[in-house]
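Counting convention: from 1, in listed order, for ligands and their atoms alike.
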Amino acid sequence: MRITMIGTGYVGLVSGVCFSDFGHDVTCVDLSEEKVARLNAGEVPIYEPGLDSLMARNVAAGRLSFTTDLAAAVDGAEAVFIAVGTPSRRGDGHADLSYVMAAAEQVGRALTGYAVVVTKSTVPVGTNRAVAEAVRRAAPEAEFDVASNPEFLREGAAIDDFMKPDRVIVGVESERAAQVMAAVYRPLYLREFPVVTTDLESAELIKYAANAFLATKITFINEIAHLCERVGADVKEVARGIGLDGRIGNKFLHAGPGYGGSCFPKDTRALARIGQEAAVPQTITEAVIRANEATKARMVDKLRDLVGGRFNGKTVAVLGATFKPGTDDMRDSPSLTVVPALVGGGATVRVVDPQGRREGEDLLPGVTWHDDPYEAAAGADLVAILTAWNEFRALDLPRMAEAMATPRMADLRNVYAPDMLRDAGFEAVFVGRAPVERAADG
Ligand code: UGA
């Protein structure tokens, strides 16, 4: 079947490539000439493990192409996906729908036969109806339906999440649209992944509710972690103890420096806004947003306390700048709170990140970038692990301690067992676990 994917950002590109791998004939459209030229040259503009080879394979097989010509791409397509960005609008936290609505209008003008206009971008409740109106305004005679098909892929695991989803959510209003969507996902049906076919509004809300729930789970364990530090409990033990209850589950209970990324911060803000506008305040989500900001700020205090109350004159090696491993994405990363506080406080900051440097150079002024964690730690007063990249999970701790001016570690992802750090001579703090005190002299 012929599919058009509008927008080659994260979700659009991964979805387009994966649909072509299902055997569909996919044309991806983007406004940016430069981006399309790069994609046509085989360049993948984002870092996502496995995406480059999957893209190359499907381009070579003639199933996947890239263009700026939206009208030509829509002509004859059975499903037209809108996967353009919905950034948080400045000021009010609302998702900015101008790209979605502009795309809907252009699709309307380009329709030549029946098609389903599918929104994959995360959009507030009611947007699919607005998309239908925009298409209708642009093409009063056109035969089409709309569908909501939110995406649940995680950066760094996106291809696997797409190919082996926990579920596929499809919001539709007509049987005809349901059938087109069934054909789109047929390769998955064969593998028996659950497909939830529902109404438009429920599909739209499922996406926000899922992300807000996950953000709540993380924030809950982060607050428990803070409490653990005060009362002498260990958050890893607590998370394990509660996670074994099948109703709670053990996933997304890793305490850390606060959630970040392109989804949780934006979607929690948008859900809070949707609730306010519907006069049904989402008080839990609102509290989660505030608590997450407090968690990030608390990390700065933790680091400051560890170096004796002042950053001034200290050298700090920051391991990890991206919001999580396996991505080059820096959006709302805890590093954007922690690193400027270090720099602002007068510390000399060295940053190591396997993928973050390209984006990070602009976002984190006043730091030096290093490839090697040992080089960054040489002569430093503190090593802070902000992102649990594999590269930072099996460090030679005695070697690192030896190279530092004062061996101190802020392990904000609880990567290392306290004993390992103690044995290597570190003074250390964690999130939700007892610190390792400085070894007595001699
Ligand atoms: C998230 C969801 O997990 C996806 O299901 C969803 O499709 C996606 O948003 C989206 O809306 O597009 P993503 O933002 O890529 O995916 O990353 P996650 O792996 O969910 O991590 C988000 C943040 O939570 C990271 O900062 C991570 O470090 C943090 N986190 C996650 C924790 O601090 N603790 C945990 O236990 C899990």
Side-chain angles (χ1 to χ4, degrees), residues 7 9-15 18 46-49 83 85-88 95 119-123 149-162 164-169 204-226 235-236 238-240 242-243 248-271 288-289 291-293 295-296 298-299 320-338 356 385-389 392 412-415 430-432:
Y10 200 85
V11 169
L13 188 59
V14 171
S15 306
C18 289
I46 50 171
Y47 174 74
E48 181 60 36
T86 54
S88 272
T119 303
K120 233 187 195 329
S121 306
T122 302
V123 292
N149 177 216
E151 194 44 69
F152 298 95
L153 30 97
R154 284 165 304 166
E155 294 189 13
I159 293 170
D160 233 35
D161 282 352
F162 197 94
K164 298 178 210 151
D166 287 343
R167 78 309 205 182
V168 172
I169 304 293
E204 289 167 336
L205 199 54
I206 284 168
K207 170 69 190 195
Y208 283 111
N211 273 359
F213 192 89
L214 292 169
T216 302
K217 205 171 175 191
I218 297 165
T219 306
F220 178 82
I221 203 67
N222 283 341
E223 280 204 330
I224 293 287
H226 195 180
V235 74
K236 282 209 167 188
V238 176
R240 194 171 122 77
I242 64 173
I248 296 174
N250 60 6
K251 295 194 178 132
F252 273 63
L253 284 180
H254 298 288
Y259 64 76
S262 61
C263 304
F264 290 171
K266 167 173 79 65
D267 292 350
T268 45
R269 282 195 292 267
L271 182 62
V288 163
I289 295 166
N292 192 56
E293 288 306 317
T295 296
K296 290 193 277 183
R298 186 169 89 82
M299 298 301 122
T322 54
F323 80 97
K324 67 173 193 176
T327 176
D328 59 357
D329 200 333
M330 296 276 299
R331 279 177 281 182
D332 275 299
S333 175
S335 69
L336 299 181
T337 301
V338 172
I385 299 181
L386 263 61
T387 317
W389 282 97
F392 309 144
L412 303 185
R413 297 282 177 179
N414 295 337
V415 171
F430 306 88
V431 176

So is [X] polar-close to ligand 1, meaning N/O to N/O under 3.5 Å?
X	result
Glu155	yes
Asn211	yes
Tyr259	no
Leu153	yes
Arg413	yes

Going by the 4.0 angstrom heavy-atom rule, the piece of His254 near ligand 1 is both
With heavy atoms and a 4.0 Å threshold, my read on which part of Leu253 contacts ligand 1 is backbone
Think Arg331 forms a cation-pi with Phe323, using NZ or CZ under 6.0 Å from the six-ring centre and within 45 degrees of its axis?
-> no
Atom 9 (O) of ligand 1 [closest protein heavy-atom partner, distance rounded to 0.1 Å] | Cys263 CB, 3.2 Å
Atom 20 (O) of ligand 1 - nearest protein heavy atom and its distance | Phe252 CZ, 3.3 Å
Close approach, Lys207 and ligand 1, non-hydrogen under 4.0 angstrom | yes
To the nearest 0.5 Å, what is the distance between OG1 (Thr268) and CG (Leu214)?
-> 11.5 Å
